[in-house]
Each structure stands twice: as C-alpha cells, then as structure tokens.
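To start, the structure under review is shown below, and the notes come after it.
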Amino acid sequence: MQPEKKQYIDMEFKHQEIDKKWQKYWAEHKIFKAENKSGKPKYYVLDMFPYPSGAGLHVGHPLGYIASDIYARYKRQQGYNVLHPMGYDAFGLPAEQYAIATGTHPAVTTEKNIRRYREQLDSIGFSFDWDREIRTSDPSYYKWTQWTFIQLFKHWYDHKEGKARPINELTDIFANEGNGNVEAANDCERNFSAGAWNAMSEKEQQEILMHYRLAYNGYGMVNWCPALGTVLANDEVVDGKSVRGNHPVEKKRMRQWFLRISAYAQRLLDGLEDIDWSPSIKEVQRNWIGRSQGAIVYFKVDGHEDSLEVFTTRPDTLWGATFMVLAPEHELVESITTEKQRAAVEAYIKTAKNRSERERMADTKTVSGVFTGAYGINPVNGDKIPIWIADYVLSGYGTGAIMAVPAHDSRDFAFAKHFQLPIIQVVTSEDEELKDPQTWEESYDSKEGIMIHSGFITGLPVKEAIRRTIEFLTEKGYGYGKVNYRLRDAIFSRQRYWGEPIPMYYKDGVAYPLDESQLPLELPPIDEFKPTETGEPPLGRAKNWKTKEGYPLDLNTMPGFAGSSAYYYRYMDPHNDKAYFSEEAIRYWQDVDLYLGGDEHATGHLIYSRFWAKFLYDIGLTVKEEPFKKLINQGKIQGRSSFVYRVNNEKYAEYLLWERIRKEGMEKEFVRNFHEGHRKFDFYHPGGDLIIEIKSREKLEKLSSPYEEYVQNSKHKLMLIPVAEIIKDIDGVFAKIKEAIQDDRKGVLIKYDKKHRLPLLFVSKDVEGRKVFSSPIHVDINLVENDILNIEGFKAWREEYANAQFLLSPDGKYRCGYEIEKMSKSMYNVQNPDDLIARYGADTFRLYEMFLGPIESHKPWDTQGIEGVYRFIKRFWRLFYAPGGDFLVEDTPANEAELKVMHYTIKKTQEDIERFSFNTAISQFMIAVNEFTAMHSHKRELLDPFVRIMASFAPHIAEELWHRLGHAESVVYAPFPEYDEKYLKEDSFEYPVSINGKMRFKLSLPAGLTDKTKIQEEVEKHPTAQKWIAGKTIVRFIFVHKRIINVVVK
RNA sequence: GCGGAUGUGGCGGAAUUGGUAGACGCGCUAGACUUAGGAUCUAGUAUCGAGAGAUGUGGGGGUUCGAGUCCCCCCAUCCGCACCA
C-alpha cells in the first residue's frame, strides 16, 4: 500500500511547492522575456515603479501590480508581444536621512531594501521581464537622466513653431535680428538688436540665453525646507509643509536650476483630450495648469512715467473698476508711494513680510491693506482711481497687480466695504431691479448678463463685451488679450546627496554643461552626508569635485521626479550604452499602452513625465507625444483596525450605581452632578440630605481633610465610596446608601471600608452602557477573528494586560469594535503579504486582492474574506483530483449544459478582463466551479479551457494543472479560448412577468417566440396573472424579447 | 467657496444598453459527516409580516408600461484646488 500513499501526497494541492516550482521554471526558461523584434503586435503594460522603503510591501502595494500582471498575462495569451518591466525609483530622502543618522551609505540601504522587495515581488508570481530591470540610482541609468537635462539646457521653446528648438538656432536669430520678433518661452526683460547682441561679451550672451533655455539657472522664490536642508518643487509642498516628513517650508529667494515646464502649459492641457485617464485626474491636472483667458491692461499712474500692468479675465468690467491693488512685493510700490503715505505703506509691507506663507494662506478672512497715495488712470474712461497695496493680491500670479471691480468680485467687494471705496455695477441680468450697489450684502456673480454703465459696450452680453473690449484695448495700445497659467516652472536643484549630480560646471560664474562623453557624472564618495560647515550642499564635501580642467562642478543633485520622468522609455532598451534607447526599440514599442499607479502622483510624476515626453518628442527622439495611453489609478487598501474598550473605572462605578438606582425605581429621588459652591458631587439625595461621591481610593485619601472640613461647614451627610467597592459589591454599597438616607445625623462623613482592589478592565463592544464608561484602544488585528478577541493572546500581547479582566458579551465572548483607517503600524492593522502567501499561496492572495472590489476604488482589507477565495481554489483543484488523490479528468465529450457554463464563463471573463473588472471575473470563476462541482463535471473538454482562462489570475495552480493535463509547454502562451455563441443559445427563455411594473411570476416561453398576441394569451392563462388581472382590464401589454413582459392593468 | 468622485443587506461588493435589485464572497443561523478541523458538505439569510402581501438602492420630486441606472432639487462622505484677479 506504500505507493498509494505516495500518490495521495502528490495529488494534494500544495501551494508552497507549486508556487516555488513554477516561479523557478518561469525564471529559468525566461518565459516573460520580451523581444524588441517581433511579428506579433506589441503591448506595453507598466506599473509605477516603487521606491524601495525599509518597511517592505504591505497588502496595499501589490494591488496595482496584480491587476497589471493579469492584464499582461491575458494579452500574452491573446497573441501580443508584451513588455511588462519592473524597476526601482531608488534615489530618495529616507535612505539619505538614514545615512545622516547612522553613516550607512544610502546605496547600501537601498540595495538591501531592493533585495527584500524583489523577494516579495517574486513570491507573488509576477510576469516581469527582469532582464530589463532599471534602478534610477545606477550610473548607467542616470547617465541618460543627466543627458536629458543637458538637452533641456541646450534647447529653447519657440511658440511660433510650438516646439523646442536647439539653442544655436536662437543665437543665429539673435545675431541676425535681435530678439524683437522671437516668440519664445522666456523671462528675458531686455530688448536688443542684432548689433547689440553681437557686441555682447560671452558672459553677457550666456546670461541672456539663460532666460530662454528649457533648463535654466536663475533667481526665484523657492520653497525652502530648513529641516530637510533643501528646496522643494511645488508639488512636494502641501499646506506649507513638505510632503515627505511634514516639515515647515518657507519662501526664499535663491539661485536654483529650473525646468521651463510653463512653456508646455498649453500642450499639457491639450494633450489631456486624447488620453484615456480618469476624469478626476485630468481635472486635477487642469487645475494645476490653471489656464485663464483674459487680457493685459495698462493703467497709467497719475503723475508718473510708469504704468501698471494688470491681468484680468474680465476686461468687460473695466468701467466698474474703482480702485487698484498691488501685491506688497510689487516692484513699483516704492516709486509710486507718496511721502504722506510712505510710513504707513512701509509698516504694512513689514508686517506682510513677517507673516509666513502658511499664515497668509490660512487667513483669508481678515481684510487688510493700505493706500499708496497714488492714482491710476482707467484707460477706458480716464477716471482716476486710487492704488492700494494688500496681501490678498499675490506677487506670483498674473502681474502682481489687479484692477478691483468690487461689484462683481467677492474679495474686491469685501475690500471696498472695509475701506469704504465706491462700488459700481456694470453687469445686470435681464429681469433684475437695480439697487444701489453700496447697499449690497455681497458681490454679484456676473459670468453672464448684460453690460450697463459701460460706455460703448453698454447693452452687450458679457461674452461679446469681452471681445469688443479686447479689440478696443489692442487698437489703442492700452493692452492685449492674454492667456495666463498657474503652472510654475519646476525647481530642479536639491541641496542633497542621494540624487543625480547635475552635470554642469562653472567658468567665470557662467554655467556650462559637461560634454556628453563625460557622462555619467557619478556621485562622489563623501565622508558625511550633511551639508558642509559653510552651508553648502553635501557635495561640497567631495574631494576634487571639479572638471579635468579644474572648473568647479555644480553642488546640487536632481529631485526625485528626474529619474522617473522618462524611465518608461529606458525599459524599451535598458542596456543601451550608446543612446537612451535605440530607434528600433522606440519605433516598435512607441508608448505605454496601460499604466497603473496611485493617484497621489497626479500633479507630480504624471505632469513631469508628460513634459519630458513632449520634449523628447520635440527633439525627435520618440514617436508619440503622450507617453501613457491609458492610465488606471488603483485605489488604496485601507486598514480595518480593531478596538478593545478600556473601562474608566470611575465612570463605570457611577454608571453601575445609577443603573442600580434606576432598577430600584429611585431615579426621581436623586440628583446627578450636584453643584454646591465650587464643588461638584456625583449624586445627591435631597430627601435624605445625602451627598454621594465616587472616587478612586487614592483620590479619596488625598482629599480626606478637605472633605472633613466641607462636611462640618455644610451640615450635609457626605458618603465617600471608593470605585472598587461599587464594582465589586454593588449590593453591599446600595444597602449602605439606603441606610445612610435613613440616618438622622447631619454634617457627617460616611466612609467606607476598603476591601477590594481593581484590575485593569476591558468591556466588550455590545455590553450596555459601554460608550459611557470606556474608551477605545487599538488592538493588534492578529489577536482578533471575526471581531472576537483572543483573550489569552491579548493578555500575552503586553505585560500591562497580563492581569486584565473582561466584561464579556451575553454569549460569553469579547467582541471588538472596528474602524476603517489608513493601514499603518501604529494602528496595528497591517497585513503582511508574506504571511498570507505562506498560508494561502500566491494564487489565493492574487485572487483575493482582486476580488475585494473594483480596482479603482478604495476598500478596506477584510482579514477574514480570503478564506472564501481559498475555498474556491481548493474546489477548483478538486475538479481535477478527488480527495483520495484519483485523477478525475475524463475524455468523454461534454454535454450541452456543461458547454453552456464553460462558454458563458469564457465570454463573461473575457469581457470583464477587457474592462478591468477583475472582481466580477473571479465571481464568474466561482460560479463555474460551483456548477461543475454540482454536475460532477471532470471533462477535459471543459477543464482545458478553464485552466487557460484562469491562468492570468492564478498562474501557479494553472501551470501545474496545465502540465498535469498533459501539456509540455507553459500555459503562459496557451491561447485564451474562444467562446462559441452556439452553446449559449437557449431553446426557451424564462420571462419575468410584471403587472404594473412589479415582478409577479416567471413564465418560460420558447426563445424564438415573438408573437405578442400569442404571448399575451399564454400570460393570461397563468393563474397568478388571472389573480392580478381579475376585475380589471389590460390597457397595455409590453413584451421585450428575451427581457421582460409587463402587463398594465387598470 | 469652486471642481471631481461616491452613496445599494451586518460587511466587501454585483446589476455592462432604462427591463427579475442584492450575483459572488465574508459573516451569521440550522443541520450532516467525522480521522474533532483554521476541514468538507447541505439548507437558510434585505426589511416588516403567521401568511397573502407590503416596503426597499442617501432624501424629495419628475420622465417612463417599467428607474439603482435618465432629468431637477437637496443631504452626507471622500479627494483635489483655493485670496488665481
């Protein structure tokens, strides 16, 4: 009997062995290797690559990877050549912070973390082509990040051609005609002729060019984070704090590298039209780009040469402009302020400066400002209007100056009201009765309407009025139409070590790029990872940080988004040392077909990537303008925290006593929370003149003399009861209270014997009164099953709980509460994928992550639910093997009913995979397994295709069973089966029959039957129908083929 | 304040084009088997009601033979933006 036993073991479903076996097989045979040359159509599935943190993966991380892996595997089975790579965003602050603290080189930490990530990723059975792995911190990779930076430096943006062009084409234009006709993205304030240009020194020319380059070095207000010792990009700051680490950030004027992403604002906006991304993420990007269409208007300053430039989206309301406001930082403030107002203006600027960015943002209600003494002249009617400064006008947006139209703008309105400035209404709706705007409660939203009091545009609708006003301004030279963007240039320097060195050096104070042959410029070793004593970035510590010629190199490194902005192209040809990627590779792969990642990258990575992609496209390197055709944002997996309820003994004692009083029907005789003078007592019984105070023994002892004193003065009886006595002996306590009420004495202190000690007490969730006397404490979810606490485990969890006692639910169990929160260590709700995979196997884990719900929605992780999926996997296995180990698969042909189930399952799951509805596909697998089990179907004709459709979801078990079915090749390339409609056809259809829209009964009719009269006859024969129709007339009979029958009666 | 998304049993969710609301799974209840398991199987499980039946997709209205789905108004939650001129 020995061999039989052996067979038995062999035929059990053992995921630990099966997982390992096939993972090894796939790796050894390089099953997932993608070729850059193929007759097959290409499909590129990409995941946002992870930053390898020290904590490893929790169950939330692989969600997107599993979804993309299923799709990648599905596409392979559909005959596509699939590129599905993975790598690491390996530069980053945590490893560097750790280096500063411990001296461990960030490369060491990163390597260690990557190894751990790789182990975890491998255990889930992903179909990555690991031969294409990249790491952003690898010099052979960041060589190309540096190379791209140099290309950005060497290009400018020509709005006429709508693309980036080499900088030498710009210098040619300058040399021939100066900069008068150039329509470039720039921040150059000088106008010069060809002659002037040619006469400039090299240094002067370079300084001019810096205002045109797409990567430029300049002064700007930057986000300086003192705690991190570096500047940050706008998307790395939220609410005035750093996203990483939550440290305060301040505005500081510094010289930094910038990327002129603003040049691409319009194209970044337009590109959103053509890509398949979620509406919400497109909306976030639109907001971030912040396009507003309007006009620049010049206001002459009365008695000055200068004029003020104002941006407005509503030039039609110029006639309603009653004052102007400048940002306190505006450059003309000083020159236009009158002597009389100077002191007030300077004082205001000083306080405005002292207010941090955060304060200014938080405080949007206080109206503040000061008059400069100067007047602007309204170009449309010559009116003199006062010029104020106020910090509600931002220096960084538009021109830092506005015309205020208080009637139609709420902030201007508040300002006008506060400083009693005039308000003129210029827009009205047709049926509006005009009232004096000075009496208005709020400004009037005027996006639509008819102009009044507005010169030549009076009577026109708003849209038309805007158009006519811009025409007028342009004609007279008073202004012009303009589009403004909120998108700021990206700050590109980081005063940090663990990033790509910026490949620039300085000669005579002018920045020059390294020659491309010098790349990569590798990170030098340094002794410590902190800034230098003189406040220079860490690279200032490097020995010999200069070019061969001896010129000093830049001390900054690049920000996190540098390495991730074009990594998706590098995967196409990751080992190329001659080019970023070969032309052959880019022509074949072109772009990412499907990109999966979290929506937290909406304004960072996903905007920068689109910008880099457009630049690389402009310079002819790539073939598609948008890098990511379809984007799916996987939802986060939230933690499900469990709570125990710790009893507050004093509150519990009060609760117990009060409940007892109520049980005795004495609640009307007592007063709770009795106040006398400054004192407050728990209970008072006026009839017996008895005060009851419940406190811990320690407190009662401490307060004993004040109580003595109080009793002597007040003449009440005062009963002091230790908390423990009530909890342990409520009957005894209550008897004593009754006794005390009868007691005739006055001014006595009734004390209590102290017999009992109190343990630490926890109360089950559904115990009455729990909310009143307990507070929730997080408990490790591993100690809880179905909300029932493992009491022994809990006692062992923490020393202080070792002697804890429990108030259990009526069923004798301790029931925990729960809440959905972020998954985090501090809430003890983290699920570790390694444990789950060890227990249930990779396939169950993959299926369960997908089964939780739609890929895009956020959902809580239910520790229990995985059992159901595990049962399904085992039932699936049992279609092939009997519990005793017999191989059940038979070659007899399947019957109609079986084929119907199989073909419907193929159809349904294929449709579901294609719309990324993996949870419903898995439901269908379950239904099919349930039905085959019920029908005792073990036929090859059914199971062979079943294994193939399951292969992308549960690759390990599928591969195992595929081979046991007798196939020698991997299931990875086994074609996804095609369903045949003929098996899905029904001879009859069971119609739901409704009477007046309510389903009453079901009626089976031949599927081909469409004759309404005949059907109506059939329906009327039915007893249930007769019951409902009786005494009424059928006014309408609705028949929808293969859907429904509805009888309308009256 | 503006913009976006979401709202369905005790829980996660399904219903793809306006056509049987609650598929599938968890949990729960009862039972079977037993090598007593964190195993397997069977039946039940939206609410009220003994039943017939009534009610039911955040609330209110509307369109329709028929609405979770379409339209209008309101509420709640989450996310993003926020003196943006």
Side-chain angles (χ1 to χ4, degrees), chain A residues 238 278-288 290-292 294 310-314 317 325 327 360-367 390-394 396-405 408-412 414-415 484-486 599-600 602-603 640 785-787 818 820 839 847-848 851-854 856-872 874-875 878 883 908 911-912 914-915 917 919-927 930 933 990-1002 1027 1035-1040 1042-1049:
Chain A
V238 168
S278 74
S280 67
I281 212 150
K282 284 187 181 181
E283 197 53 34
V284 169
Q285 292 217 341
R286 278 190 202 107
N287 282 341
W288 192 256
R291 182 187 203 268
S292 51
V310 155
F311 177 72
T312 176
T313 55
R314 294 296 302 276
T317 60
V325 189
R360 245 175 97 163
M361 284 195 327
D363 178 20
T364 58
K365 292 205 179 74
T366 325
V367 177
D391 66 3
Y392 82 88
V393 174
L394 307 174
Y397 186 76
T399 61
I402 63 158
M403 61 175 212
V405 184
H408 305 290
D409 180 283
S410 61
R411 294 147 306 154
D412 296 346
F415 196 82
N484 205 24
Y485 299 94
R486 201 181 73 102
D599 56 10
E600 67 272 20
T603 52
R640 187 183 187 278
E785 204 175 315
N786 292 338
D787 292 339
Y818 73 89
I820 306 305
R839 192 158 131 191
L847 283 165
Y848 185 53
F851 187 63
L852 278 174
E856 292 185 88
S857 54
H858 300 238
K859 53 225 162 231
W861 181 264
D862 174 5
T863 338
Q864 208 59 36
I866 194 167
E867 295 282 349
V869 174
Y870 188 48
R871 269 171 222 151
F872 155 72
K874 284 187 289 185
R875 285 166 67 119
R878 283 204 303 274
K908 167 82 176 147
E911 285 167 0
D912 285 349
E914 273 163 15
R915 63 190 179 101
S917 177
N919 54 330
T920 53
I922 295 167
S923 294
Q924 185 55 40
F925 292 148
M926 289 174 170
I927 292 167
N930 290 347
T933 304
E990 197 174 45
Y991 283 95
V993 182
S994 300
I995 315 287
N996 287 343
K998 281 218 164 73
M999 211 281 285
R1000 294 300 175 187
F1001 63 94
K1002 286 177 187 169
K1027 179 182 137 193
V1035 290
R1036 216 169 147 185
F1037 187 83
I1038 285 141
F1039 167 76
V1040 184
K1042 285 198 173 173
R1043 288 248 182 246
I1044 202 167
I1045 292 166
N1046 190 14
V1047 188
V1048 186
V1049 296

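Each chain gets a letter, A, B and so on, in the order the sequences are listed, and its residues count up from 1. Both backbone and side-chain heavy atoms feed into the values below; hydrogens, waters and symmetry mates do not.
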Seminar exercise, completed: Per-nucleotide protein contact along nucleotides 7-17 of chain B, 5' to 3', at a 4.0 Å heavy-atom cut-off (B base, S sugar-phosphate only, - neither), is ----SBSSSB-
Problem set entry | Nucleotide-resolved protein contact map, nucleotides 33-38 of chain B, B/S/- at heavy-atom distance under 4.0 Å | -----B
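Looking at A:N287, its side chain has no donor and acceptor atom pair within 3.5 Å of the base of B:C81. A donor and an acceptor atom sit less than 3.5 Å apart, one in the side chain of A:K1002 and one in the base of B:U20.
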Problem set entry | Full working for side chain to side chain contact (heavy atoms under 4.5 Å, CB included) between A:I402 and A:D412 | CA-CA 10 Å; A:I402 63 158; A:D412 296 346; 3.6 Å; yes
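Contact annotation for A:R291: no contact, since no heavy-atom pair falls under 4.0 Å across all strands.
For A:K998, no side-chain nitrogen or oxygen approaches OP1 or OP2 of B:G66 to under 4.0 Å. A:N786 has a side-chain polar atom (N or O) that falls below the 4.0 Å cut-off from OP1 or OP2 of B:C28. Taking only side-chain nitrogens and oxygens, A:R411 never comes nearer than 4.0 Å to OP1 or OP2 of B:C83. Contact between the side-chain N/O atoms of A:R1000 and the OP1/OP2 oxygens of B:A54 is found at a separation under 4.0 Å.
For A:I927, the side-chain atoms get nearest to B:A23 when compared with the rest of B:G53, B:A23, B:A85.
Contact check for A:V405 versus A:R314: no side-chain heavy atoms found under the 4.5 Å cut-off.
Looking at residues two or more places apart in sequence or on another chain, you find a side-chain hydrogen bond (donor to acceptor under 3.5 Å, both in side chains) between A:S292 and A:Y397. Residues that satisfy the side-chain hydrogen bond (donor to acceptor under 3.5 Å, both in side chains) test with A:D912, not counting sequence neighbours, are A:K908, A:R915, A:T920. With sequence neighbours excluded, the residues forming a ring pair (Phe, Tyr, Trp, His ring centres under 6.0 Å) with A:Y870 are A:Y840, listed by chain and number.
Look at OH on A:Y870: it is 20 Å from C1' on B:C24, rounded to the nearest Å. In this structure, A:K1027 atom NZ and B:A52 atom P are separated by 8 Å, rounded to whole Å. One can place CD of A:E990 at 19 Å from P of B:G19, the figure rounded to the nearest angstrom.
Glycosidic torsion of B:G66 falls outside 90° of 0, placing the base in anti.
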Seminar exercise, completed: Encoded 5' to 3' (Watson-Crick or G-U under 3.5 Å; [ ] crossing; | other strand), RNA chain B becomes (((((((..(((......[....)))((((((.......))))))(((....)))..(((((..]....))))))))))))....
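For the residue pair A:N287/A:R486, the side-chain donor-acceptor check at 3.5 Å is not satisfied.
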